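A short worksheet on the structure shown next.
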Amino acid sequence: MYINIILSFLWMSASHSVFACAACGFADDGTQGAYLFTAGILTLVPLMMIGGLVWWVRKKFNSNEDDYES
Amino acid sequence: MNQQAQSAVKPSKISSPVIGMGIFVFTEVMFFLALISAFLVIKAGTPEWSIPDGITLPIYTTLFNTFLLFLSGYFLWNAGSYHVKKNLEETKSQLTKAAVFGLIFVGIQGYEWIQLIQYGMTMHSSIFGACFYLLIGSHGLHALMGAVALLYFANVFEKTQRGTIHALMIFWFLVVGIWPVLFGLVYF
């Protein structure tokens, strides 16, 4: 089992970028830069939204007053 | 359920309309982000990205339109404030004003689109046109739905359930908040 895990990691580390992809593997730096930028936004924004939601819910439930939404 | 049992059941701190609208707005944010991402990648990959010849985007009219949309958001914020003070008449009045300014925003956008189409900029004329109508059109559709909902709930507000105005605010502030991003990306 451990050999399989080690072999899987080695196989994953040896993989190359997908050169056929017009956005992430394309030689044009502008496209690749835009792709990486938007991938970053699409990753961070949901995490920020979830974090914000968790913060807001905690704040609401930790408030001492019994202030239900009217 | 009898009255004793009813009084023993406390309403939840977060109302159902707010929960539902929050989930919906989450998905809509991802939807707009996906469109913006596609726009940025396409723009970066197009060697000569420019507005089609003979077309001038109505930037100043759209700036004024943006102001109207912000005004609509301001009126909706006021509606929320009056709702907290339990002033029903003012809440409905502010909701109506927010709806009217939202509809004016959509109307001016529609007029701009008619002008652009008459000058030959359509979804099929160029990649810029396709991206323009997709992004701005998606936002316009959300703005139209939101404005109509505001107008509807301004009329039936007494019969709405707890949390409705907060749900409306969540959606409309998404529409108002995402517009400057789209405006900046597409028009400039």
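The structure presented is a predicted model; accordingly, all values stated were derived computationally and were not measured.
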Okay, Phe37(A) and chain B: the region with an atom under 4.5 Å from a heavy atom over there is side chain

When rounded to the nearest 0.5 Å, the distance separating CZ of Phe61(A) from CD1 of Ile14(B) is 4.5 Å

inquiry  = If you count every heavy atom of other residues, nucleotides or ligands that lies below 6.0 Å from Tyr187(B) atom OH, does the total exceed 12?
reply    = yes

If one checks every heavy atom of Ala34(B) against chain A at 4.5 Å, the contacting part turns out to be backbone

Output for pair (Thr38(A) OG1, Leu33(B) CG), nearest 0.5 Å, gives 10.0 Å

Atom CZ of residue position Phe31(B) - does it have more than 12 heavy atoms of other residues, nucleotides or ligands inside 6.0 Å? yes

Item to complete: Evaluate whether atom CD1 of Ile5(A) has more than 12 neighbouring non-hydrogen atoms of other residues, nucleotides or ligands under 6.0 angstrom away.
Response: yes

In this structure, CZ of Phe26(B) is separated from CG of Leu53(A) (nearest 0.5 Å) by 8.5 Å

More than 12 heavy atoms from other groups under 6.0 Å of CH2 on Trp77(B):
no

For Gly45(B) and Thr31(A), the nearest pair of non-hydrogen atoms, with its separation, is CA-OG1, 3.3 Å

| task | Indicate yes or no: at least one non-hydrogen side-chain atom of Met49(A) is less than 4.5 angstrom from one of Val25(B). | result | no

* Please indicate whether Asp53(B) has more than 12 foreign heavy atoms, meaning atoms of other residues, nucleotides or ligands, lying under 6.0 Å from its CG. => no

d(Ile41(A) CD1, Ser37(B) OG) to nearest 0.5 Å is 6.0 Å

Do Val29(B) and Leu141(B) sit in the same hydrophobic cluster, where Ile, Leu, Val, Met, Phe, Trp and Tyr count as joined when their side-chain heavy atoms come under 4.5 Å apart?
no

